[in-house]
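Proteins come first, then strands; the chains are lettered A, B, ... in the order of their sequence lines, and each starts at number 1.
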Amino acid sequence: MAPETRYDFAAIEKKWQERWLAGKSFKVTADPGKKKYYLLEMFPYPSGRIHMGHVRNYTIGDVVARFKRMKGLNVLHPMGWDAFGLPAENAAIKNNTHPAVWTYDNIAYMKKQLQRMGFSYDWDRELATCDPSYYRWEQLFFIRMYEKELVYQKKTTVNWCGTCQTVLANEQVIDGACWRCDNLVTPREMNGWFFKITDYAEELLAECDRLTGWPEKVLTMQRNWIGKSVGAEIDFPVAGGGTLRIFTTRPDTIFGATFMSIAPEHPLVAALSRGTGQEQAVAEFAEKTRLERQRRKPDEEGEKEGVFTGGFCRNPFTGEELPVYVANFVLVEYGTGAVMAVPAHDQRDFEFARKYGLPVKVVVQPPAGGLSPAAMEKAYDGPGVLVDSGPFSGMASEEAKKAITAAAGQQGFGTARTTYRLRDWGISRQRFWGAPIPMLYCERCGVQPVPEADLPVVLPTDVQLDQSGKSPLPNLESFRKTTCPVCGGEARRETDTMDTFVESSWYFARYTCPDCTDAPFSRPAVDYWLPVDQYIGGVEHAILHLLYSRFFTKVLRDLGWLPVDEPFRNLLTQGMVIKDGSKMSKSKGNVVDPNELVERYGADTVRLFSLFAAPPERDLEWSDQGVEGAYRFLTRVHRFVTANLELVRGATAAVPADLDDTGRALHRKVHQAIRKVGDDLDGKFHFNTAISSVMELVNALTSIVGDSAGGRVVPAVLREAVEAVLLLLSPMVPHFCEELWELTGHAEPLSQAAWPAYDPEAAREEEVTVVVQVNGKVRGRISVPPDTDEDRVKEMALADEKAAKFMEGKPVRKVIVVKNKLVNIVV
RNA sequence: GCGAGAGUGGCGGAACUGGUAGACGCACUGGACUUAGGAUCCAGCCCACUCCGGUGGAUGGGGGUUCAACUCCCCCCUCUCGCACCA
């Protein structure tokens, strides 16, 4: 026996990382002759250092990348930096530098950290979104979208975050607060640029059904966010002239409308109340509602309240006069900002009617019938048959929806209409550290795009941010002043920058050809590599980033640059890393620093534990003792392999046919493990069970051979087993396996090795244990060769002594035989 | 309230299309080796009872289907996440 060598993870990891890097081991090129696999993990924001969430995300990705490579696929596995963003500005102010300095320092540091983890990226494709060579294409997209009217400018009430000094998109407002700094947002009137994502609402929604590789949870969130509703718009004539347009999904209930509700901000509010004596009450109510909405916690619904405007509308079908109320639950931004109130068939209207003593009129009777206004305790919003609805009485509600909408159309006061909850994407940010919006303003010619030849509009490097946190661009003459491309006169540049979600909406496509200089994408590259086969990241991006990326993919497709409809074929959302029951955070003091762990145990141990402790989509509870256990396992394997080096090296590769029992058992275990690990990794991502089956193999190996080797098993089988362990483990703990692979006499690195094939014959059990049950309870066990004839097994079971005790004297009613599993005797 | 997911030993988690519940690991207990052990190795480890052969119970709770249920159906409870007056 050779003396074992210590597991010197630090030296091993350094050695292999250097080799991989120097040898560009993971560089890929498009090769139409090979099947591709594009594996992508969400790129990080260069905040300073990586955290355990990154470690977990990227470890999962790396295992898949390495596994697919071993399976012979041409794997694209890139990494880059989501490098624009507010923290860089804050840091620049604090340290008196340029945001770029902080950003690139962080990138350099974090890149080292990732390399220390041994992730197999093609670093030649690295990109940073703050680089003009990247965002210049984004500016081009903007201009092309502007030409196609997919970008427009409008003045709107926006969500303003006073702390960040910027506008936020609806999606970036969480519980009424800024998603980044948690401060309450305030409304503010501003002119901003919008992407017309609503033009794609229908396609974005419809294609959710075809994203079969996405978690249902994420698709549900996206569908809800898009929020399609089919209904009708109907004009109600206002008593003093004009019309009030409403949107409803229940045109079938229009005969049951007893009043109207409009949003406090609705433009007609003033006109409706004028001269009725209600002006003041209405104004006061509007103000009160505004304040309340701001103050209210998002999870409380609040009492439904309203005030009579003094005005009336006429139901275009019945001619009835309906009072118009301003109501706090009607949203100006949805539909038309006004609704017809049908208390009998809408819960909100019902509550409102009861509160203000307004009439309730039943127009849809449920199948069971018997609905009467006086007896109702809540609205009935299900289907039924129409009553008291003029010519439509007797119709089923679904049919009536169509008929009433059609009738409204014919008579010129209504039309079928589909609305979405999804709003256009406001992308203007009053920030410095973002991609400049390539537009300019000329006094004579108006708003003009920057000519393509003048791109990129580069963010100046010679600025100093001041304490206020405001963007320096509006006051920077050298940036702001420009000439109009149309008239040649003086013009002013747009000084807003783009939302950083824009950069992350197309980076995955740029990775296919990051060096392309004459176009955003090389056609052959995107044709070959897209779509991403597997995308991996946190579920916190389930709406924002993923929806925007889908939108951008469709836009870039329609602009002729991309060949796909959807960016990500399969999506894996990994769970959070938690400690002591809650998410790691500085404030809770439960943060685990990857650096310390790598220092202490090595990257392989950290990788192994984060894969073993939980299935990827579930939260992972960090356990120091668990890490210790992972380390112990590696040490054990290391000790075993190094102690048996001579034997393994000297063995033949071919396993002899005439093995003894021990040899056959180990040989079988090897092939079973190969099968199991392959199954677990391939598409299922069950890393935890994959590891446990390798552990079982190692347990079998050490219990048969012991640390001190010797002649208890033929060397060829020992060699096969050791190699299997290294091959199977290599996607997960790559440095460790490379080193032992080399030590066991392989000249070619493991990173070039193929995934082992398993021999079904060898993996087959020689004996299976068949359980003997009596009335469903396990009473005995018998051992038989697999696939033994059912009658034979039945016979043996009936003869089983232990089982016999439980069926004494009772007649056997029925015997169920499940092949290779059990026999159940019913007495 | 609506939607999605989840509830299995002290803990993280296994269990294929209904077929031996608790793989693998952690923690714990006993032993071996030892100057020492927080290293390593061996053994034990769901609960209760036990004549140490076993017997009974157990996958959030309650019902049901079935020869057989963690798995399927119905009702209920708890937790996590998302949405939340969207007409």
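The distance between atom CZ of F352(A) and atom P of rA87(B), rounded to the nearest whole Å, is 18 Å. Straight-line distance from the CH2 atom of W214(A) to the P atom of rA4(B): 19 Å, rounded to whole Å. Note: CD1 (I543(A)) to C1' (rG3(B)) measures 12 Å, nearest angstrom. Rounded to an integer number of Å, the gap from M221(A) CE to rC2(B) P is 19 Å. Remark: P of rC85(B) and CD of E333(A) are 9 Å apart, rounded to the nearest angstrom. Across the protein-nucleic acid pair, H638(A) atom NE2 and rU40(B) atom C1' stand 16 Å apart, rounded to whole Å. Rounded to an integer number of Å, the gap from CZ of R348(A) to P of rC2(B) is 15 Å. As rounded to whole Å, 12 Å separates atom P of rA21(B) from atom NZ of K821(A).
A donor-acceptor pair under 3.5 Å is formed between the side chain of R56(A) and the backbone N or O of G575(A). A side-chain donor-acceptor contact under 3.5 Å links N328(A) to the backbone of E305(A).
Across the P atoms, rU34(B) and rG44(B) are found 24 Å apart, a figure rounded to whole Å. To the nearest whole angstrom, the two C1' atoms, one in rG7(B) and one in rG13(B), are 13 Å apart. Annotation: rU71(B) and rG64(B) have their C1' atoms spaced 15 Å apart (nearest Å). Atom P of rC41(B) sits at a distance of 11 Å from the matching atom of rG25(B), rounded to the whole Å. Using atom C1' as the reference point in both rU66(B) and rG19(B), the two lie 12 Å apart (nearest Å). When the P atom is compared between rA23(B) and rC46(B), the two are found 9 Å apart, to the nearest whole Å. Taking atom C1' in both rC83(B) and rU8(B), one finds a spacing of 31 Å when rounded to whole Å. Using atom C1' as the reference point in both rC28(B) and rU78(B), the two lie 29 Å apart (nearest Å).
Between T249(A) and rC86(B) there is no side-chain polar atom (N or O) within less than 4.0 angstrom of OP1 or OP2. The side chain of R223(A) contributes no N or O atom lying less than 4.0 Å from OP1 or OP2 of rG82(B). Residue N688(A) places at least one side-chain N or O under 4.0 Å from the OP1 or OP2 atom of rA14(B).
Glycosidic conformation of rG53(B): syn, with the torsion inside 90° of 0. Base orientation for rG31(B): anti, the chi torsion being more than 90° from 0.
R421(A) is linked by a salt bridge (Lys or Arg N to Asp or Glu O under 4.0 Å) to nothing, counting only residues two or more places apart in sequence or in another chain. Partners of D604(A) under the side-chain contact (heavy atoms from CB on, under 4.5 Å) rule, at least two apart in sequence or in another chain, are Y7(A), E13(A), R607(A), L634(A), V733(A), P734(A), H735(A), F736(A). By the side chain to side chain donor-acceptor pair (under 3.5 Å) test, D349(A) pairs with no residue at all, sequence neighbours left out. Contacts of T249(A) classified as side-chain contact (heavy atoms from CB on, under 4.5 Å), with partners at least two apart in sequence or in another chain: S229(A), F247(A). Residues satisfying the salt bridge (Lys or Arg N to Asp or Glu O under 4.0 Å) criterion with E398(A), sequence neighbours excluded, are K401(A). Listed by chain and residue number, L244(A), I246(A), I262(A), H266(A), T336(A) satisfy the side-chain contact (heavy atoms from CB on, under 4.5 Å) test with A338(A) (two or more places apart in sequence, or in another chain).
If you check every strand for non-hydrogen atoms under 4.0 Å, D349(A) touches nothing. Residue contacts for P215(A): at a heavy-atom cut-off of 4.0 Å it reaches no nucleic acid atom on any strand shown. When heavy atoms are screened at a 4.0 angstrom cut-off, V330(A) is found touching base atoms of the nucleic acid.
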Can you check nucleotides 24-27 of chain B for protein contacts, nitrogen or oxygen pairs under 3.5 Å, and list what you find?
| residue | atom | partner | partner atom | Å |
| --- | --- | --- | --- | --- |
| rG25(B) | OP1 | N699(A) | ND2 | 3.3 |
| rC26(B) | OP1 | R632(A) | NE | 3.4 |
| rC26(B) | OP1 | R632(A) | NH2 | 2.7 |
| rA27(B) | OP2 | R632(A) | NH2 | 3.2 |

Shorter than 3.5 Å, N or O on both sides, protein versus nucleotides 62-65 of chain B: list them out with atom names.
none

Short heteroatom pairs, N/O only, protein and nucleotides 66-70 of chain B, under 3.5 Å:
| residue | atom | partner | partner atom | Å |
| --- | --- | --- | --- | --- |
| rC67(B) | OP1 | K814(A) | NZ | 3.4 |
| rC67(B) | O2' | N824(A) | ND2 | 3.2 |
| rC67(B) | O2 | N824(A) | ND2 | 2.5 |

What are the atom names and distances for every N/O pair under 3.5 Å that joins the protein to nucleotides 51-58 of chain B?
| residue | atom | partner | partner atom | Å |
| --- | --- | --- | --- | --- |
| rG56(B) | OP1 | R779(A) | NH2 | 3.4 |
| rG56(B) | OP2 | R779(A) | NH1 | 3.1 |
| rG57(B) | OP2 | K777(A) | NZ | 2.8 |

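Annotation: cation-pi pair R348(A)/F329(A) absent, no NZ/CZ under 6.0 Å from the ring centroid and within 45° of its normal.
Sequence order on RNA chain B of the closest nucleotides to L620(A) and R781(A) puts L620(A) first from the 5' end. Take the nearest nucleotide of RNA chain B for T769(A) and for H686(A): the residue whose nucleotide is more 5' is H686(A).
When every heavy atom of N570(A) is checked against every heavy atom of G213(A), the shortest pair comes out as OD1-CA, 3.2 Å.
Screening V793(A), V778(A), I782(A) for a side-chain contact (heavy atoms from CB on, under 4.5 Å) involving V772(A) leaves a single residue, I782(A). Here the rule is ring-ring contact (aromatic ring centres under 6.0 Å, His included) with Y601(A), and of F633(A), F609(A), Y631(A), F9(A) only Y631(A) fits it.
Judged by distance alone, the side chains of N775(A) and R813(A) never bring a donor and an acceptor atom under 3.5 Å apart. Between E696(A) and Q672(A), the side chains place no donor N or O within less than 3.5 Å of an acceptor N or O (distance only, hydrogens not considered). At a cut-off of 3.5 Å, with distance as the only test, a side-chain donor of Y334(A) or T419(A) sits close to an acceptor on the other residue. Residues E233(A) and T415(A) have side chains that never bring a donor and an acceptor to within less than 3.5 angstrom of each other.
Ring geometry, F352(A) versus Y356(A): the interplanar angle falls from 30° to 60°, so the pair is classed tilted.
Counting heavy atoms from C-beta outward, F317(A) and F413(A) have side chains that approach closer than 4.5 Å.
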Item to check | Secondary structure of RNA chain B in dot-bracket form (Watson-Crick or G-U wobble, distances below 3.5 Å, | marking inter-strand pairs) | outcome: (((((((..(((......[....))).(((((.......))))).((((....))))..(((((..]....))))))))))))....
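Screening residues 608-626 of chain A for side chain to side chain donor-acceptor pair (under 3.5 Å) gives no qualifying pairs among residues at least two apart or on separate chains.
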